[in-house]
Amino acid sequence: GSWRPAPLCRGRELPRPPPGPACAVVHPLRWASSFSQLGPTESDPSEGQVFLSESCVKRLLEITEGSEFLRLQVEGGGCSGFQYKFSLDTVISPDDRQGQRGGARVVVDVDSLAFVKGSMVDFSQELIRSSFQVVSNPQAEKGCSCGTSFSVKF
């Protein structure tokens, strides 16, 4: 396998999941009121949405404690130009947009949201690894086989 350095997380490290089936039923994420702030160039309310799969919600409810939530960030780097970064966090910043579904919460900063709007967060369980992943990202032109890196449509 290929070696990758451990990600630097703002929050605590994500625990390793127990083995088990993962189902990917898609449900729209219910945005908190802060998500309804649309910029002047955005007229479609669904444009700023991220969706959570059933397996993502289930896993988040298993690993989060108290006020913890899943933070999704997009950073420069990776083999395709941009990469997704997941961490557990408890601190909300002024430029964060948050949403929840079934008690599971996800927070995305405004800059990252531009790169992931319309996509879905899934929790994938495979033989060699388990991880949160961004799937079906309409902003991504192509992805990498590692599932964490992507390039953007221009």
Side-chain angles (χ1 to χ4, degrees), residues 2 4-11 13-14 17 22-61 63-64 68-126 128-154:
S2 60
R4 285 186 315 187
L8 297 173
C9 294
R10 267 170 63 174
E13 294 234 351
L14 297 173
C23 58
V25 178
V26 181
H27 291 281
L29 184 66
R30 302 221 179 277
W31 296 112
S33 58
S34 59
F35 268 108
S36 60
Q37 300 171 355
L38 295 176
T41 58
E42 291 181 339
S43 55
D44 182 2
S46 66
E47 287 245 334
Q49 284 194 336
V50 174
F51 302 94
L52 292 185
S53 72
E54 195 70 52
S55 59
C56 176
V57 171
K58 181 173 180 285
R59 184 59 182 154
L60 276 177
L61 294 177
I63 65 173
T64 53
E68 282 183 326
F69 52 81
L70 182 69
R71 176 175 291 281
L72 167 58
Q73 292 171 284
V74 174
E75 299 179 336
C79 43
S80 299
F82 293 93
Q83 57 191 357
Y84 304 114
K85 178 181 157 188
F86 292 98
S87 60
L88 293 181
D89 202 350
T90 56
V91 181
I92 303 273
S93 302
D95 69 338
D96 283 339
R97 298 293 175 260
Q98 58 179 318
Q100 62 179 335
R101 181 180 158 251
R105 293 197 303 155
V106 65
V107 170
V108 185
D109 62 86
V110 172
D111 293 336
S112 296
L113 187 60
F115 292 98
V116 296
K117 59 187 179 183
S119 59
M120 184 178 76
V121 179
D122 187 31
F123 179 69
S124 171
Q125 290 186 307
E126 302 165 11
I128 57 169
R129 70 171 184 165
S130 300
S131 62
F132 289 101
Q133 294 181 338
V134 174
V135 295
S136 307
N137 184 351
Q139 313 307 319
E141 186 171 50
K142 62 181 181 181
C144 173
S145 60
C146 64
T148 61
S149 183
F150 68 103
S151 60
V152 177
K153 293 177 182 173
F154 288 108

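When a residue number appears, it is its place in the shown sequence, counting from 1. Hydrogens, waters and symmetry mates play no part in the numbers below; they use all other heavy atoms, side chains included.
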- How long is the gap from NZ on Lys85 to OG on Ser112, to the nearest 0.5 Å? 9.5 Å
- Message: Rounded to the nearest 0.5 Å, what separates atom OG1 in Thr90 from atom CZ in Arg105?
- Response: 9.0 Å
- Message: Testing the basics here: between Ala114 and Gln139, what is the closest heavy-atom pair and its distance to 0.1 Å?
- Response: O-CG, 3.7 Å
- Message: For the CD atom of Gln49 and the CG atom of Leu113, what is their distance to the nearest 0.5 Å?
- Response: 10.0 Å
- Query: Gly76 and Gln83: which non-hydrogen atoms are nearest, and at how many Å?
  - Reply: O-NE2, 3.8 Å
- Query: Can you name the nearest heavy-atom pair linking Gly102 to Leu61, along with the distance?
  - Reply: O-CD1, 3.6 Å
- Query: What is the minimum heavy-atom distance between Phe132 and Leu60, and which atoms define it?
  - Reply: CZ-CD2, 3.9 Å
- Interatomic distance, Ser93 atom OG to Gln98 atom CD [nearest 0.5 angstrom]: 11.0 Å
- Hey, could you give me the OH/CD distance between Tyr84 and Glu75, rounded to the nearest 0.5 Å? 13.0 Å
- Task: Using side chain to side chain contact (heavy atoms under 4.5 Å, CB included) as the criterion, list what pairs up with Asp111, not counting sequence neighbours.
- Result: Asp109
- Just by modelled atom types, is the Ser55 backbone N or O under 3.5 Å from a matching donor or acceptor in the Asp122 side chain? no
- Message: Asp89 vs Val107, test: side chain to side chain contact (heavy atoms under 4.5 Å, CB included). Steps then yes/no.
- Response: CA-CA 9 Å; Asp89 202 350; Val107 170; over 6 Å; no
- Message: Any non-hydrogen side-chain atom of Leu72 less than 4.5 Å from a side-chain atom of Phe86?
- Response: yes
- Item | Distance, nearest 0.5 Å, that separates CZ of Phe82 from CG of Asn137 | 11.5 Å
- Mind listing the closest non-hydrogen atom pair of Arg71 and Val91 along with its distance? NH2-O, 2.9 Å
- Item | Heavy-atom pair with the smallest gap, counting every atom of Val135 and Ser119 | O-CB, 3.7 Å
- Mind checking whether Val50 and Val106 have side chains closer than 4.5 Å, heavy atoms only? no
- Less than 4.5 Å apart, any side-chain heavy atom of Val74 and any of Val134? no
